Participant: 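Take a look at this one; I'll ask things after.
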Amino acid sequence: MSDKLTALVIDDERQIRKLLRIILEEQNYRVLEAETGRQGLADVAQRKPDVVLLDLGLPDMDGLTALKRLREWSHVPALILSVREGPEDKVAALDAGADDYVTKPFESAELLARLRAIQRRGATTSEEPYFQTGHLAVDFNSHLVTMGGREVRLTATEYALLRVLALNAGKVVTHQHLLREVWGPNAADQSQYLRVYMNHLRKKIEIPQAKQKLLKTESGIGYRLALLEDKSP
Amino acid sequence: MQSTPPLKEFVFGGLSILVATGVAWLLQPFTAYQTVALLYLLLVVAVGLKLSRGPVLTVAATSVVFWNFFFVPPHYTFYIEKLHDGILFATFFVVALAMGHLTTRLRRSELAERQKERRTAALYELAHQAAFASDINLGLQAAVGLIDSIFSVRAALLLRRPDHTLSDKPHSSSSLVLSDKETSVAAWVFSRCTPAGKFTDTLPQSDAMHLPLRGRTSVMGVLSVAPPADRSFDLTDKDLLEAFAVLIGLILEKDHIVQAFKRAEIIEASEQLRRTLLESVSHELKTPLAAVQAGIEALSRQVGGEDLKQRTLAEVQLAVRRLHRVINNLLDMTRIESGVVQPRLDWCDVGELIQEAVDLSGEILGEHHIALHLDPALPMVKLDQALMEQCLCNLILNAASWSPPDTEITLDARLKENQLILSVQDEGQGIPETEIHRIFDTFYRGSKSKPGGTGLGLSIVDGFVRAHGGQVRAANRQPHGAEFVITIPVETLPANVMEELT
């Protein structure tokens, strides 16, 4: 039992909780359910789940409020699961400390991939020096970036951008987050930098004919570096 | 208007006799006294054309007496010596009186004629100014102005409210302020549909006269007029005022009916829209739902082999995506119609925008080929990428559903004087000329539409583009196919900044 991961589902819709239980238990999760924000927060404190799936429309409090309270004392990976699809809702949730955001209706494969991605960071507190997705590999120690074994020359800024995305691989990283990390706290409204360098980075690490792209655009929100299994270009 | 002739007329009559007598006296040496009688008759006729009946008859009688006294021998007596003078005197007397009478009658009928004409002119003026005014309020203003000037009174209009009670606030065109007492008289007039107040039999001690504004079927309000203290209304005035009231009543009723008709038309149109919406939405929601249900039932019966199971699952998945799309469309349209769409402008790489739109529509595209024509020198522009992406997706989807498989859909992006121009072209049948102006209407679906689709996709494009301050146009291409062009004003990143960055 101890090798099973525990997922806490905080959602007032019984049907969603039931379906999530089926999907998650099949993936060897232990599933806890909470109907309200209050109960959910208490469950996080007492039962220490490994991951939280949080709905934004809760009967007793707004999901965002619950998330902010949770973030005051816990770093548990949290995935927002909501019907709200506006970019502003997503950015607000990510800014409030959500690790990623999935809109309902969702595809279960997508949901599980996101769950794995947000736990990946949770599990690796000490950064691994090496990262790989698809044909792309990054060595954080030597700053060496390779595509299918061949070195790719990146400028310092391009490397910094790729590094932030790789450290958060599989998760959406907001424009603001990228700008702060790469250009510093004063660059938050200089989104044109980001567009230009993302464009460059794309040209260097993306294979034009590839079925699956590495760098995914989340319009109005940010970018995501996909976690791909297939290593052949 | 002239029940008692003023003293002025008598004085004028008297003076004219004196003048005529003087002239006759001077002429006497050269003519016979019989001729003088004719001179006096001429005077009576002349006076008859000018003065009213009383003074004219007085002048006639006096001139006969003067003639007798001054000119008929023996002079300076009322005595008549000869028989033929007596006959002449009697004839003169009768003719003078008759002439006086006839000329005044003639004059009076002429006056009446003139008054009638004035009244007709006033009514015509009212009809012209008030009935044909573009706005009922302007019309009423003209009517009150006309009443003010014709009758030299102040007037107020109290109109019927939508709940069929009389308003207690005079219409804005009114020149008269009504006291509470007068307002209550007006309310009485409204409820009884009969005149009251000053110069009437009911409540004559009031300050104003109140006339109901009678339409064909109901009372539309009350006209109240307050004359100055020294002014009184005769029958003609009252008649004319009543005619005015009737005309205003008819004008108000006409306006009321026109408004009601317009409202009915709007209700009819929205009713039609509601029916279309219900039909379209229920069809669009229930069709995929039916597919999901049928698919699940087939799967639960576990009929057929693995291949059939996979095909069923694919259908269910397709149906779910379609359902999702319809719901998103409805939500977007609701956002657009309630005016809450606020573009979040941010720098955008147009290439990334188009690529993203193409990737997103990839799963729906099926067997169409996409060709991208991107100006490589395109600078970065400020727009809401998520909204624009959806516009392009909708246009690509639209192009794909209107053109045969294996044809090309071309996307084109360029910048012209700070306007970003995005176009989507297909090689389909094009748009019938009769429908081209309607295709962006909410829920409008082309006459040759394939089943499926809510008639919302293009309206959403229109809504989002408008939110950006731009516009979307549709046109046909030669030799065939349709083109949709989005034009939005954008801020661009200056070239030197771009160079600095690269």
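Chain A is the first sequence line, chain B the second, and so forth, proteins listed ahead of strands; every chain is numbered from 1. This one's a predicted model, so the numbers in the text were calculated from it and none came from an experiment.
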Participant: State the CG-CE distance between N199(A) and M380(B), to the nearest 0.5 angstrom.
Facilitator: 6.5 Å
Participant: Would the number of heavy atoms belonging to other residues, nucleotides or ligands and lying under 6.0 Å from NZ of K204(A) be above 12?
Facilitator: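 Yes, NZ of K204(A) has more than 12 neighbouring heavy atoms, counting only those of other groups under 6.0 Å.
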Participant: How about E88(A) and Q342(B): do any of their side-chain heavy atoms sit closer than 4.5 Å?
Facilitator: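 Counting from C-beta outward, E88(A) and Q342(B) never come under 4.5 Å.
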Participant: In terms of heavy-atom proximity below 4.5 Å to chain A, should Q317(B) be classed as side chain, backbone, both, or neither?
Facilitator: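 Contact with chain A: none, neither part.
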Participant: Within this structure, what is the OG-CG distance for the pair S191(A) and D349(B), rounded to the nearest 0.5 Å?
Facilitator: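 Interatomic distance, S191(A) OG to D349(B) CG, rounded to 0.5 Å: 11.5 Å.
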Participant: Say you draw a straight line from OG of S219(A) to CG of D384(B); how long is it, rounded to the nearest 0.5 Å?
Facilitator: 8.5 Å
Participant: Can you see which heavy atom on P87(A) is nearest to which on R344(B), and at what distance?
Facilitator: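 The answer is CB-NH2, 3.7 Å.
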Participant: Working to the nearest 0.5 Å, report the span between CG of L493(B) and CZ of R195(A).
Facilitator: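 Atom-to-atom, L493(B):CG and R195(A):CZ are 11.5 Å apart.
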Participant: Are there over 12 heavy-atom neighbours, none belonging to E367(B), within less than 6.0 Å of that residue's CD?
Facilitator: no
Participant: May I ask you to decide whether E352(B) forms a salt bridge with R202(A), counting only side-chain N to carboxylate O separations under 4.0 Å?
Facilitator: yes
Participant: Between atom CD of Q355(B) and atom CD of E206(A), what is the distance when rounded to the nearest 0.5 Å?
Facilitator: 9.5 Å
Participant: Would H175(A) and D346(B) satisfy side chain to side chain contact (heavy atoms under 4.5 Å, CB included), going step by step from the backbone distance to the final call?
Facilitator: CA-CA 10 Å; H175(A) 296 144; D346(B) 199 356; 4.3 Å; yes
Participant: Identify which part of Q190(A) has an atom lying under 4.5 Å from any heavy atom of chain B, answering side chain, backbone, both or neither.
Facilitator: neither
Participant: Identify which part of K213(A) has an atom lying under 4.5 Å from any heavy atom of chain B, answering side chain, backbone, both or neither.
Facilitator: side chain
Participant: Is it the backbone or the side chain of E85(A) that comes under 4.5 Å from a heavy atom of chain B, or both, or neither?
Facilitator: side chain
Participant: Should the heavy atoms of other residues, nucleotides or ligands under 6.0 Å from NZ of K104(A) be counted, would the total exceed 12?
Facilitator: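 Buried by this count: over 12 neighbours within 6.0 Å.
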Participant: Select, from E356(B), R335(B), Q385(B), the one with the greatest count of heavy-atom pairs under 4.5 Å involving chain A.
Facilitator: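 Counting heavy-atom pairs under 4.5 Å, the top option is E356(B).
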Participant: Would one find more than 12 heavy atoms of other residues, nucleotides or ligands at under 6.0 Å from atom CZ of R84(A)?
Facilitator: yes
